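Note on naming: letters A, B, ... go to the chains in the order of the sequence lines (proteins, then strands), and numbering restarts at 1 for each one. In this text, all values refer to a predicted model and were calculated from it rather than measured experimentally.
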Number of protein chains: 2
Amino acid sequence: MQIAILLYDKFTVLDAIGPFQTLSSLPGAEVVFVAEQAGPVLDDTRALSLVATKSLAEVSSPDIVVVPGSPEPALGNEAILDWLRAVDATTTWTTSVCTGSLILAAAGLLKGRRATSHWLALEQIKQFGVESTGQRVVFDGKYVTGAGVSAGIDMGLTLAGKIAGDEHAQTVQLMIEYDPQPPYDAGSPDKAPAALVEKFRAQQV
Amino acid sequence: MQIAILLYDKFTVLDAIGPFQTLSSLPGAEVVFVAEQAGPVLDDTRALSLVATKSLAEVSSPDIVVVPGSPEPALGNEAILDWLRAVDATTTWTTSVCTGSLILAAAGLLKGRRATSHWLALEQIKQFGVESTGQRVVFDGKYVTGAGVSAGIDMGLTLAGKIAGDEHAQTVQLMIEYDPQPPYDAGSPDKAPAALVEKFRAQQV
């Protein structure tokens, strides 16, 4: 089972690492990090590079694709959109985290489907004919989308359970001690102080 | 404010990325990834490399140090232990995630202090004169330790709040949409099915 995690300039690193840490121990899994060219790819903070082990051309039939998001998702990158359309034809699962769903949508893969995204992108994704929901993890056929950044952990665990069963996924959860205890309750626009949410929205215009 | 995240062969990637994603937007923060040599460092799955931007010799006075854990923490690596002892003399915060606390303890930095670690390492860390607790995030003076793997997100957010205030930390939480909704409740040995916990413990002997 080949799992291809897409990297591109300015991706958000936790978007990629949540699914990686929860899916990489699936029985028989081989994870490849894939980008236009193999080699280091800089994240959105410019402080960190992850190494792509394969170029797009070297990965033609992954079983699972994971597309992380970014503050500047690669919506106009035809090489990436073409690759996604090509590999999606034979994937078992095509997945995203955060605004990675905008990239899947820009490739035309989510048309008429239900999907989620970062809370700030739930309106934008409708432009691609997607029915957006504010849910944390959305399954629509083989398309699995997670909400913003940290939701990739929940997406990955949920998918791991579907693929390898509850006991495997619970083992992963125990291994990564995923018993979240956030010090605040500000992780969604419904829960964060209204002034913070408004400040964020204003910055997006 | 320089934040140095230590990388070493077979580190666990989410241990490093949880604090990175929650601390890197601190006002004035510069994050460096540091390893014995600059360049790619392979994680414990061998599928992923993060790029160390600096060697240990190039980072002599970070304000914050973050030590990720590993299934094989670098307890016998004298270069790393020496570096930790040297930089700890002037850090504002010395932190760890998961079995990273074993490395801090092996460097002698946690003697007589309270600290946490991955739940499987809570006995082992006592050998270094540490009072271990099963808490998710432990502050003892400037020493901040997080429990296993995913606890680095809670550790980072809590520390971000101490440094830059609640509003900053809540903004980070909202940005990374950290509103966890795990599909199972198996993230700690108290909550996971007893058979899974026993299986894990047996594998550790």
* At their closest point, which heavy atom of A:P40 faces which heavy atom of B:V51, and how far apart are they? -> CB-CG2, 4.2 Å

* **Most chain B-contacting option - heavy-atom pairs closer than 4.5 Å, from A:G161, A:A192, A:P182** => A:P182

* Closest approach of A:D185 and B:Q173, non-hydrogen atoms and distance? -> N-OE1, 3.9 Å

* Asked: When rounded to the nearest 0.5 angstrom, what distance separates OH in A:Y184 from CG in B:D154?
  -> 11.5 Å

* Asked: Given a strict heavy-atom distance threshold of 4.5 Å, which part of B:I153 is in contact with chain A: side chain, backbone, both, or neither?
  -> side chain

* To do: Quick one: which of A:E30, A:K191, A:M155 has the most heavy-atom pairs under 4.5 Å with chain B, could you say?
  => A:K191

* Interchain contact, A:Q21 with chain B, by part (heavy-atom threshold 4.5 Å) -> side chain

* Asked: How long is the span from the CG atom in B:L50 to the OG atom in A:S49, to the nearest 0.5 Å?
  -> 8.5 Å

* Structure fact -> Under 4.5 Å to a heavy atom of chain A? For B:D166 that would be both

* Atom of B:A47, atom of A:T53 and distance for their closest heavy-atom approach -> O-CG2, 4.1 Å

* Structure fact -> Taking every heavy atom of A:R136 against every heavy atom of B:Y178, the minimum-distance pair comes out as NH2-CA, 4.5 Å

* Asked: Between atom CG of A:L14 and atom CD1 of B:I17, what is the distance when rounded to the nearest 0.5 Å?
  -> 7.5 Å

* Give the minimum heavy-atom separation between B:E177 and A:S150, together with the two atoms involved. => O-OG, 2.9 Å

* A:L48, A:D44, A:T45 screened by side chain to side chain contact (heavy atoms under 4.5 Å, CB included) with B:S24, the one that passes -> A:T45

* Asked: Got a second to check how far B:I176's CD1 is from A:H118's NE2, nearest 0.5 Å?
  -> 9.0 Å

* **Nearest-0.5 Å distance, CG of residue B:D179 to CH2 of residue A:W119** => 12.5 Å

* To do: Check B:T158 against A:P183 and note the closest heavy-atom contact, atom names and distance.
  => OG1-CG, 3.4 Å

* Checking B:P189 against chain A: side chain, backbone, both or neither under 4.5 Å from a heavy atom? -> both

* Asked: Got a second to check how far B:K199's NZ is from A:E167's CD, nearest 0.5 Å?
  -> 4.5 Å

* Under a 4.5 Å heavy-atom cutoff, which of B:D15, B:V13, B:V31, B:V172 has the most pairs with chain A? -> B:V13

* **Side chain / backbone / both / neither for A:A147 at chain B, heavy atoms under 4.5 Å** => both

* Structure fact -> When the 4.5 angstrom heavy-atom criterion is applied to B:V197 and chain A, the contacting part is both

